[in-house]
Amino acid sequence: MATGGVSKYLFVAAVDFGTTYSGYAFAATADLKKTNDNGPVPIKTNVWNAGGRELLSSKAPTALLLKPDKTFQSFGYKAENDYSYLVSEEEDDEGRSYKDYYYFHRFKMVLHDNANLRKTTLVSDVTGKKSLPAIEVFAHAIRFLTGDLFDTINNQIGGELKKADIQYVLTVPAIWDDKAKQFMREAARLGGIEGEQLMIALEPEAASIQCQHIPMGKDGGEATYMVVDLGGGTADITVHQRNCLGGRSELKELHQATGGAYGGKSVDDAFEHFLCDIVGKTNLDKLKDESMEDYIDICRQFEGKKRSFAAASKSNEEERVEGTKTKKEKKESFSVPVVLESLVKTDKSIEGMDNAVKQSPYAQQISFARHKLQISEAAFTKLFQPAIDGIIKHMENIFYNSKFQHVDTIVMVGGFSECKLVQDYIQNRFTLKRIIIPDDPGLVVLKGAVLFGYNPGTIGCRVARHTYGVQSWPTYNDYFKREKRVVVEGVARCKDVFLIYVEKGQQLTPGHSESQVFRALKSNETSLQCAVYISDDVNPKYVDDPGCQLLGTLVVPLDPSVPGPAEIEETLVFGETELFVKAKNIKTGEEYRAQFDIL
């Protein structure tokens with residue numbers, strides 16, 4: 001559990017395990033101590049070798065290749081290139097077919113909004129024909145990233161570092177639920193990071209910490225602003241307040257994180273569906289099977305254009321209509337691999353790219369010539385529209401709230417914030433707001449996570465995303481539903497009562513705790529189950545009301561030799577990036593403290 005005070009480790013390192021790209025950053029604790037609020041922060045990031053290709057960012061693709069025996073082969077650009085080579089050669093040096101390898105690409109979204117998430121949850125590889133437990137796949141990736149990170153630091157300082165000398169920080173979207181956060185912690189444990197050596201950082205908070213040097217208020221100090229964190233998988237939107245206390249900055253969350261699956265991957269998925277509508281899903285799948293390198297090349301082409309694409313200005317539109325010289329409409333051009341052209345040509349239902357274009361729903365918006373597919377500006381913009389609409393809707397919902405109408409600054413961070421079109425739409429929609437986009441927004445979360453790991457006390461307040469409580473069995477009275485009445489050892493009780501600890505939307509300081517004493521219902525019980533529930537309602541009455549769900553259960557063992565019914569004090573600790581629960585046997589003094597198993 002994160003507490004106040006600076007890190008006791010020699011290095012603080014953050015791992016941003018992203019949907020589309022992943023990377024890490026680190027800094028020596030001694031260097032961070034020397035940094036004042038106005039000085040440069042000495043945080044280093046890795047530069048990934050893309051095998052001679054142009055780097056898209058300072059991160060590596062979230063791609064993992066496992067051998068047929070499910071052991072690690074490679075990650076990132078190397079995984080992409082290794083798998084492409086295997087597909088082209090059809091087998092490895094030992095005669096094993098490429099089809100026996102496991103290639104996972106952009107698999108993080110299996111954790112998003114997954115009510116059925118378990119340790120046994122499976123994730124499919126890129127073929128869709130093979131799957132492995134997701135927790136093992138994540139563990140492989142985290143093990144590689146932290147191992148590469150350790151080697152990088154060790155090489156820089158001469159090999160004196162021990163693995164126990166590093167405080168690791170793993171970033172997660174703030175909109176993720178408690179199950180997804182615990183899943184990442186468990187995956188990290190399997191990947192070699194134990195207990196207190198790992199901290200979980202919420203991505204918008206990390207971004208906000210990194211941006212604390214940007215002047216946002218009238219005096220450059222106190223300010224209230226919206227953080228719009230647009231990553232590869234999700235959009236994470238919240239409101240923060242920065243206060244200057246005794247020469248240091250403290251951040252408060254004023255609005256609980258909101259958002260959804262509106263990251264860059266949603267645009268990538270739209271582009272793939274667009275291609276399927278033109279060349280056919282079967283042919284695109286064959287391209288993946290026969291020439292993965294060509295498929296990856298198409299994806300890399302699209303990634304570059306996705307970031308730089310911007311709609312034509314109004315003046316250009318007018319010039320097309322009114323100018324004496326007709327200006328050609330802006331189009332985005334993609335090289336079509338020879339292999340894909342051949343597949344389309346031999347497909348009797350299409351018989352060539354020219355026919356593919358004519359038969360597609362986009363016949364008036366695309367063209368094909370000289371091995372290039374050209375897409376009109378309107379058609380290309382449409383690929384972004386669902387994501388952009390989703391982002392803006394969540395922003396509007398916050399600004400419509402009277403509490404936040406005065407917020408006049410929007411800070412855009414995350415890799416998808418680099419997209420010019422997204423920037424344009426947000427700027428055009430919120431014309432009275434000040435839009436701030438830091439340099440290299442894709443690394444803001446990563447660097448901020450290092451600062452959070454160094455001093456988690458920077459966050460002074462968080463907002464509860466749900467109502468949290470426990471199942472209780474009070475003495476029955478007429479206030480309760482008749483069907484909830486039960487008799488236990490001669491006493492009429494009401495079952496399934498939701499005893500509220502914290503209400504949805506409540507502001508919580510880190511370490512905020514709520515306790516309640518419970519007595520075992522039966523004198524001969526050998527254990528007492530502390531069941532914790534969450535609800536999307538502010539004031540639920542019963543744990544089986546709509547919108548309520550069991551979060552997890554902490555089982556407290558009881559000693560049957562101790563006379564009388566046991567009394568257990570159950571405490572929930574809120575305000576951290578993760579929920580913690582502890583219990584104490586009042587009679588014996590024994591304490592039980594853990595993150596209970598919610599997977």
Side-chain angles (χ1 to χ4, degrees), residues 1 3 177-179 182 461-481 484-545 547-560 562-598:
M1 181 174 66
T3 56
D177 62 17
D178 293 281
K179 283 186 177 182
Q182 185 171 351
C461 177
R462 295 185 174 94
V463 177
R465 289 192 63 216
H466 308 284
T467 293
Y468 289 81
V470 296
Q471 182 183 22
S472 64
W473 299 64
T475 303
Y476 182 84
N477 59 47
D478 292 339
Y479 168 80
F480 298 114
K481 290 181 179 179
K484 294 291 184 181
R485 184 180 184 275
V486 294
V487 178
V488 181
E489 293 194 337
V491 178
R493 296 187 177 276
C494 182
K495 66 177 181 178
D496 300 331
V497 172
F498 195 120
L499 180 62
I500 296 173
Y501 274 24
V502 162
E503 290 184 353
K504 180 179 180 180
Q506 183 176 336
Q507 292 191 340
L508 305 166
T509 57
H512 176 92
S513 63
E514 295 284 348
S515 300
Q516 183 75 28
V517 175
F518 294 93
R519 177 176 290 184
L521 295 178
K522 299 179 182 179
S523 56
N524 61 349
E525 289 188 274
T526 58
S527 66
L528 187 145
Q529 293 188 348
C530 300
V532 179
Y533 286 80
I534 60 174
S535 175
D536 289 329
D537 292 332
V538 174
N539 188 29
K541 291 182 172 58
Y542 301 98
V543 298
D544 55 359
D545 284 348
C548 296
Q549 59 176 302
L550 175 66
L551 183 62
T553 303
L554 179 66
V555 179
V556 180
L558 303 177
D559 186 351
V562 177
E567 291 185 326
I568 302 296
E569 181 184 49
E570 182 178 344
T571 302
L572 268 62
V573 183
F574 299 93
E576 307 288 349
T577 55
E578 301 167 89
L579 175 68
F580 293 84
V581 62
K582 58 184 179 180
K584 180 180 179 180
N585 190 317
I586 294 177
K587 289 187 177 180
T588 66
E590 289 184 90
E591 291 190 357
Y592 308 86
R593 175 176 170 172
Q595 290 170 278
F596 50 134
D597 189 355
I598 58 180

Please lay out, stage by stage, how Glu514 and Thr571 fare under the test side-chain contact (heavy atoms from CB on, under 4.5 Å).
CA-CA 5 Å; Glu514 295 284 348; Thr571 302; over 6 Å; no
Interatomic spacing from CD1 in Ile534 to OH in Tyr501 - rounded to 0.5 Å
16.0 Å
For the residue pair Tyr533 and Pro540, establish whether any side-chain heavy-atom pair is separated by less than 4.5 Å.
no
Ionic contact status for Lys495 with Asp544, cut-off 4.0 Å:
no
Considering all heavy atoms, the nearest Tyr542-Cys548 contact:
O-SG, 3.5 Å
Flag side-chain contact, heavy atom, 4.5 Å: Lys504 against Asp537:
no
Pairs meeting criterion salt bridge (charged side-chain N to carboxylate O under 4.0 Å, His left out) with involvement of residues 463-481, two or more places apart
none
In this structure, which one of Leu508, Leu572, Leu579, Thr467 forms a side chain to side chain contact (heavy atoms under 4.5 Å, CB included) with Val502?
Leu508
Could you tell me whether the side chain of Lys541 reaches within less than 4.5 Å of the side chain of Tyr479, counting heavy atoms only?
yes
Could you give the distance from CZ (Arg462) to CD (Glu576), rounded to the nearest 0.5 Å?
6.0 Å
To the closest 0.5 Å, what do you measure between CD (Glu578) and CG (Asp178)?
8.5 Å
Separation between CG of Asp536 and CG of Asp545, rounded to the nearest 0.5 Å:
12.0 Å
With Gln471, which of Thr553, Val543, Val497 fulfils side chain to side chain contact (heavy atoms under 4.5 Å, CB included)?
Val543
Quick check: are there more than 12 heavy atoms from other residues, nucleotides or ligands sitting under 6.0 Å from NZ of Lys584?
no
Mind checking the OG-CD1 spacing from Ser472 to Ile500? Nearest 0.5 Å is all I need.
10.5 Å
Looking only at heavy atoms, what is the nearest atom pair of Ala492 and Arg485, with distance?
CB-NH2, 3.6 Å
May I ask you to decide if the ring planes of Phe574 and Tyr468 are parallel, tilted or perpendicular, using 30° and 60° as cut-offs?
perpendicular
Using 0.5 Å steps for rounding, measure from the SG atom of Cys461 to the NE2 atom of His512.
10.5 Å
Take Val470 and Gln516 through the side-chain contact (heavy atoms from CB on, under 4.5 Å) test and state the conclusion after the steps.
CA-CA 9 Å; Val470 296; Gln516 183 75 28; 5.7 Å; no
For the residue pair Glu570 and Val532, establish whether any side-chain heavy-atom pair is separated by less than 4.5 Å.
yes
Could you check if a side-chain atom of Thr475 sits within less than 4.5 angstrom of a side-chain atom of Arg493, using non-hydrogen atoms only?
yes
